[in-house]
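Structure first, commentary second.
Below, read A as the first sequence line, B as the second, and so on, with proteins coming before strands; counting in each chain starts at 1. None of the values given here were measured: they were computed from a predicted structure. Basis for what follows: all heavy atoms, side chains included, without hydrogens, waters or symmetry-related copies.
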2 protein chains.
Amino acid sequence: MDETGLRVGQVAERSGLTVRTLHHYDRLGLVCPSDRTSGGHRLYGPADLERLYIVVGLRELGLSLERVGEVVSGALTVAETLEHQRVALDLQIAALTRARDRVLHAQRADGELDLLELMKEVVMSNTFEQYFDADQIVQLQRRRAEIGEQRIAEVENAWPELMARVDAAIAAGTEPQSEEGRALAGEWAALLEEFHGGDPGLRDSLFRMYEENRSQIETEWSGPSQRQLDFISAAQR
Amino acid sequence: MDETGLRVGQVAERSGLTVRTLHHYDRLGLVCPSDRTSGGHRLYGPADLERLYIVVGLRELGLSLERVGEVVSGALTVAETLEHQRVALDLQIAALTRARDRVLHAQRADGELDLLELMKEVVMSNTFEQYFDADQIVQLQRRRAEIGEQRIAEVENAWPELMARVDAAIAAGTEPQSEEGRALAGEWAALLEEFHGGDPGLRDSLFRMYEENRSQIETEWSGPSQRQLDFISAAQR
DNA sequence: CTTGAAACTGACGTAGCGTCAGGGTCTAGC
DNA sequence: GCTAGACCCTGACGCTACGTCAGTTTCAAG
């Protein structure tokens with residue numbers, strides 16, 4: 001008759017979970033109280049609580065209950081699970097961040113929902129996903145986080161300004177191979193580098209996307225024109 | 001018998017959705033094809049497609065199907081919906097980012113899952129959430145994104161270094177009010193400012209948390225000692 | 001008229017519990 | 001011993017946004 005131990009309600013209060021949740025974990029076999037009263041009420045002992053806290057801790061990492069079960073039972077190695085989870089979280093964060101960016105963009109349309117803008121955004125990001133795989137998108141997201149929003153805004157503002165100066169140089173008849181031309185090409189390359197961070201995979205994907213969607217990017221996204229690209233590539237030779 | 005229009009399969013192919021999804025939207029009343037063949041097959045006209053693309057666009061913003069329905073029916077204002085959605089996405093991103101940080105922290109325990117570390121993390125973030133509300137957590141997250149990870153790492157490394165110099169000053173018998181003492185206090189305030197960004201609400205919450213968990217923070221998180229705090233506050237007077 | 005592809009309408013499954021519904025159990029006070 | 005009130009029990013359905021059969025019917029070409 002050693003009916004010591006906490007009842008569900010008390011465990012719920014201490015752990016911040018609900019009684020229903022504890023029932024759920026019990027049924028799934030995650031945390032089963034090792035004792036019951038004669039009337040069938042659950043009694044949680046110290047070992048049960050320890051297991052419960054392990055489960056809670058793993059859940060805070062965002063693992064599903066199924067994974068948690070596999071980890072506590074030893075069916076999954078911890079290191080591998082953590083690595084998978086990190087990647088999964090990166091992907092989710094990237095997806096949500098893109099949604100947030102789209103919302104911000106739509107909000108700029110001030111009151112009226114600009115469906116055309118929204119569709120352009122959507123088409124754009126779909127195009128984007130054709131050329132960059134999940135890992136690359138996560139990689140880009142990481143770079144953005146490392147660099148910080150201020151620097152990103154600076155770079156985005158720098159592009160039209162640089163493109164204007166390139167246009168001016170072309171109009172003035174500047175030789176691409178001249179010192180001025182090569183300086184412009186250097187700036188151009190530096191801005192590109194801010195995007196792909198020197199990763200050849202990212203750079204190639206970006207270039208392929210550019211090649212295959214040139215006219216659309218030029219007209220709808222005010223990207224660089226063919227003349228500008230020609231000038232820059234001539235200067236880089 | 002003007003049975004023109006696209007069938008579900010064709011619409012699915014063009015929109016990137018599945019046939020099942022189109023059935024689902026039809027049943028929910030979101031996008032109901034305005035025509036059917038005599039045999040009952042769905043026929044989507046141009047107006048239906050337009051409505052479908054609006055729905056798809058709104059879904060890409062992360063809105064639930066219910067919200068999408070309310071927006072397209074005009075029951076919800078667009079501006080308000082977008083603002084709510086932005087906040088909701090911020091909260092989700094913040095939650096996932098915290099989970100990711102915890103995973104990274106657990107991974108540093110190298111192979112062996114350090115449950116004690118994990119529990120400390122969890123307890124810490126629970127403590128944190130007692131003192132900062134959802135808006136403030138989002139605000140902090142935004143600040144971190146703006147500043148960039150490099151700067152954050154710099155600041156985190158700067159703390160122990162500064163604390164060491166303060167200790168040295170105390171050991172050398174430096175007066176808090178001396179020029180050297182006030183310089184240290186200035187650096188101290190600048191590092192704090194990096195955290196709260198000058199927001200008085202954030203600063204007060206942080207101070208309250210510090211006050212009420214002083215011993216724990218000092219021992220488990222190698223935070224500043226009482227002696228150091230006394231020196232700094234004396235120097236600031 | 002046949003045949004293969006495509007479409008139709010249910011209906012169940014998913015993750016992690018919330019939320020009744022319709023009971024028993026525990027315990028303090030009388 | 002009895003009862004009231006608080007607590008606990010075990011089902012069972014609900015929610016999101018579809019995926020995935022299953023069994024039947026329609027379409028379009030030969």
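- Within the structure, a side-chain polar atom (N or O) of A:Tyr25 is placed less than 4.0 Å from OP1 or OP2 of C:dC17.
- Between B:Thr21 and D:dG19 there is a side-chain N or O to OP1 or OP2 distance below 4.0 Å.
- Here C:dC8 presents its P atom at 12 Å from CZ of B:Arg27, a figure rounded to the nearest Å.
- Close to D:dC27, at under 4.0 Å from its OP1 or OP2, lies a side-chain N or O of B:Thr37.
- C:dG10 atom C1' lies 15 Å from atom NE2 of B:His24, rounded to whole Å.
- Among the nucleotides D:dT26, D:dC8, D:dC9, the one closest to the side chain of A:Arg7 is D:dC8.
- We find that CG of B:Leu63 is positioned 14 Å from P of D:dT16, with the value rounded to whole Å.
- An OP1 or OP2 oxygen of C:dC17 is reached within less than 4.0 angstrom by no side-chain nitrogen or oxygen of A:Thr18.
- Counting any heavy atom pair closer than 4.0 Å across all strands shown, A:Arg67 reaches no nucleic acid atom.
- Rounding to whole angstrom units, CG of residue B:Leu28 and P of D:dT16 are separated by 9 Å.
- In this structure, A:Arg20 places its CZ atom 8 Å from C1' of C:dG18, rounding to the nearest Å.
- Annotation: the span from B:Cys32 atom SG to B:Arg42 atom CZ amounts to 9.0 Å, rounded to 0.5 Å.
- A salt bridge links B:Arg36 with B:Asp26: the distance from a Lys NZ or Arg NE/NH1/NH2 to an Asp or Glu carboxylate oxygen falls below 4.0 Å.
- The pair B:Arg98-A:Glu60 fails the salt-bridge criterion, with no side-chain N (NZ, NE, NH1 or NH2) lying under 4.0 Å from an Asp/Glu carboxylate O.
- Toward the 5′ end of DNA chain D lies the nearest nucleotide of B:Leu65, the other residue of the pair B:Leu65 and B:Gly40 mapping further downstream.
- Just one residue in the list A:Gln150, A:Arg143, A:Arg144 forms a side-chain contact (heavy atoms from CB on, under 4.5 Å) with A:Ile147, and that residue is A:Arg143.
- Going from atom NE2 of A:His41 over to atom C1' of D:dC8 covers 4 Å, rounded to whole Å.
- Taking all atoms of both residues into account, the shortest heavy-atom contact from B:Leu89 to A:Leu96 is CD2-CD2, 3.6 Å.
- Proximity note for B:Glu66 (side chain, C-beta onward) versus D:dT16, D:dC9, D:dA17: the nearest is D:dT16.
- The CG-C1' distance, from B:Leu17 to D:dG19, rounds to 14 Å in whole Å.
- Of the side-chain N and O atoms in B:His23, one or more sit less than 4.0 angstrom from OP1 or OP2 of C:dC8.
- One interatomic measurement links the two molecules: CZ of A:Arg36 to C1' of C:dT25, which rounds to 13 Å at whole-angstrom precision.
- Applying the 4.0 Å criterion to OP1 and OP2 of C:dT9, one finds that B:Arg42 has a side-chain N or O inside that range.
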